[in-house]
Engineer: 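Pasting in a structure now, in structure tokens, and then I'll have a few things to ask.
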Amino acid sequence: MRRVILKKNLMSAKFKKDYVAYLAIVIFFFIVTAEMFMAIGIPLHLRSENVWAEQVSRQEMIDSFDGIRNGFSRFRSKNDRAEEEAKIAGKCLNALADYLRRYQKVMSQDQIQEVETDLFEFKIILEKLSSDQVYSKNLNIDPTEFLAKLNSESTGAATSTPAEKK
């Protein structure tokens with residue numbers, strides 16, 4: 001008799017309703033949990049990817065900076081003006097190195113991009129200096145007019161007495 005009752009309960013609609021209700025509750029909580037994960041987890045994941053992208057661009061900036069700075073420090077030329085201009089650019093890069101050493105960890109993506117643009121310009125300068133093209137001009141000064149003026153002032157001053165100068 002007991003077996004018949006168990007079999008009857010097992011096949012009854014009440015058991016099926018309970019089973020479906022429990023399954024619906026489990027599925028509901030699974031869906032809510034998945035939505036919470038997506039609502040919280042995906043933005044955190046994207047934020048961490050942005051942090052990594054910023055770190056990668058920061059490291060690329062430092063690598064290109066080191067390469068260009070080493071290029072200027074190793075620069076040698078037979079042209080004295082090109083070498084002096086490279087020293088000036090090297091001093092600018094040394095000042096930028098101090099800045100980057102101090103502030104690279106707090107630089108924004110826009111600031112990193114701005115430094116990258118400046119480094120690209122320094123790279124162009126290095127390439128131009130390497131081909132012995134210089135930025136400065138060699139000016140020839142004609143001292144004859146200046147010397148004539150000095151000579152006329154000195155001869156006028158030599159003939160006058162100290163009392164006349166007062």
Side-chain angles (χ1 to χ4, degrees), residues 27-166:
I27 291 173
F28 172 76
F29 281 114
F30 175 75
I31 291 172
V32 169
T33 304
E35 286 181 357
M36 292 296 285
F37 172 75
M38 285 190 273
I40 295 170
I42 291 176
L44 289 176
H45 180 69
L46 291 176
R47 187 175 302 133
S48 70
E49 281 188 12
N50 288 341
V51 168
W52 281 109
E54 193 171 297
Q55 290 292 343
V56 167
S57 65
R58 183 175 287 121
Q59 188 60 45
E60 287 174 351
M61 174 195 64
I62 295 297
D63 290 344
S64 64
F65 173 77
D66 288 339
I68 292 170
R69 188 173 176 208
N70 288 337
F72 275 105
S73 67
R74 293 183 197 145
F75 182 79
R76 300 291 178 260
S77 176
K78 293 179 182 178
N79 187 341
D80 290 338
R81 288 188 319 181
E83 201 161 320
E84 290 301 318
E85 290 175 6
K87 284 181 184 178
I88 292 170
K91 288 181 181 183
C92 291
L93 288 171
N94 289 340
L96 183 58
D98 292 338
Y99 177 82
L100 290 177
R101 199 173 298 118
R102 184 173 295 150
Y103 297 110
Q104 74 173 334
K105 292 180 180 167
V106 294
M107 289 176 67
S108 69
Q109 192 65 35
D110 292 335
Q111 292 170 326
I112 291 171
Q113 187 62 38
E114 189 175 332
V115 170
E116 284 283 342
T117 303
D118 292 342
L119 291 175
F120 181 74
E121 291 175 12
F122 274 110
K123 184 177 179 181
I124 292 171
I125 291 170
L126 181 61
E127 290 171 357
K128 185 174 179 180
L129 292 176
S130 296
S131 63
D132 282 335
Q133 297 175 355
V134 292
Y135 287 92
S136 61
K137 295 180 181 178
N138 193 10
L139 300 176
N140 293 325
I141 299 174
D142 185 19
T144 56
E145 182 180 331
F146 179 70
L147 289 174
K149 187 175 181 182
L150 279 176
N151 193 17
S152 68
E153 287 179 5
S154 67
T155 56
T159 58
S160 64
T161 63
E164 292 175 347
K165 288 184 182 179
K166 290 183 184 178

Engineer: How long is the straight-line distance from NZ of Lys149 back to CD of Glu145, given to the nearest 0.5 Å?
Structural biologist: 8.0 Å
Engineer: Calculate, to the nearest 0.5 Å, the distance between atoms CD and CD belonging to Glu85 and Glu83 respectively.
Structural biologist: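 If we round to the nearest 0.5 Å, Glu85:CD and Glu83:CD are 11.0 Å apart.
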Engineer: Which residue pairs pass the ring pair (Phe, Tyr, Trp, His ring centres under 6.0 Å) test with at least one member in residues 123-149, sequence neighbours excluded?
Structural biologist: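 Checked against ring pair (Phe, Tyr, Trp, His ring centres under 6.0 Å) - neighbours excluded - no pair reaches residues 123-149.
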Engineer: For residues 125-143, pull every pair meeting salt bridge (Lys or Arg N to Asp or Glu O under 4.0 Å), keeping only residues two or more places apart or in separate chains.
Structural biologist: none
Engineer: How many angstroms lie between atom OG of Ser131 and atom CG of Leu126, to the nearest 0.5 angstrom?
Structural biologist: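 Those atoms lie 10.0 Å apart.
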Engineer: Look up atom CD1 in Ile112 and atom CD in Glu60, then write down how far apart they are to the nearest 0.5 Å.
Structural biologist: 10.0 Å
Engineer: Which distance, rounded to the nearest 0.5 Å, do you find between the OG of Ser64 and the CD of Gln59?
Structural biologist: 10.0 Å
Engineer: Is it true that Glu84 and Arg81 have a side-chain N and a carboxylate O under 4.0 angstrom from each other?
Structural biologist: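 Not counted as a salt bridge, because no side-chain N and carboxylate O are separated by less than 4.0 Å.
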Engineer: If the condition is ring pair (Phe, Tyr, Trp, His ring centres under 6.0 Å), which residues does Phe37 pass it with, not counting sequence neighbours?
Structural biologist: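 Checked Phe37 against ring pair (Phe, Tyr, Trp, His ring centres under 6.0 Å); zero matches.
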Engineer: What are the two closest non-hydrogen atoms of Met38 and Pro43, and how far apart are they?
Structural biologist: O-CD, 3.6 Å
Engineer: Identify the two heavy atoms, one from Phe72 and one from Ala89, that lie closest to each other, and give their separation to 0.1 Å.
Structural biologist: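 Reported closest heavy-atom pair: CE2-CB, 3.5 Å.
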Engineer: Ser57: which residues meet the side-chain hydrogen bond (donor to acceptor under 3.5 Å, both in side chains) condition with it, sequence neighbours left out?
Structural biologist: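 Partners of Ser57 under the side-chain hydrogen bond (donor to acceptor under 3.5 Å, both in side chains) test: Gln109.
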Engineer: Tell me the closest heavy-atom pair linking Ala97 and Arg69, and the distance in Å.
Structural biologist: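 Closest heavy-atom pair between Ala97 and Arg69: CB-NH1, 3.4 Å.
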Engineer: So, Asn70 side chain and Asp66 main chain: donor-acceptor pair closer than 3.5 Å or not?
Structural biologist: yes
Engineer: Indicate the atoms forming the closest heavy-atom contact of Ala86 with Phe75, along with that distance.
Structural biologist: CB-CD2, 3.3 Å
Engineer: Return a table of donor-acceptor pairs under 3.5 angstrom between the side chains of residues 117-125 and protein atoms on other chains or two or more places apart.
Structural biologist:
residue: Thr117; atom: OG1; partner: Gln113; partner atom: O; Å: 3.0

Engineer: For Leu129 and Val134, which heavy atoms make the closest approach, and how far apart are they?
Structural biologist: CD2-CA, 4.3 Å
Engineer: Side-chain atoms of residues 101-108: list all donor-acceptor pairs with protein atoms under 3.5 Å, sequence neighbours left out, distances to 0.1 Å.
Structural biologist:
residue: Arg101; atom: NH1; partner: Asp98; partner atom: OD1; Å: 3.0
residue: Ser108; atom: OG; partner: Gln111; partner atom: N; Å: 3.3

Engineer: Is there a side-chain contact between Val115 and Phe65 in this structure, where contact means two heavy atoms from C-beta onward sitting under 4.5 Å apart?
Structural biologist: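 Side chain of Val115 against side chain of Phe65, heavy atoms only: no contact under 4.5 Å found.
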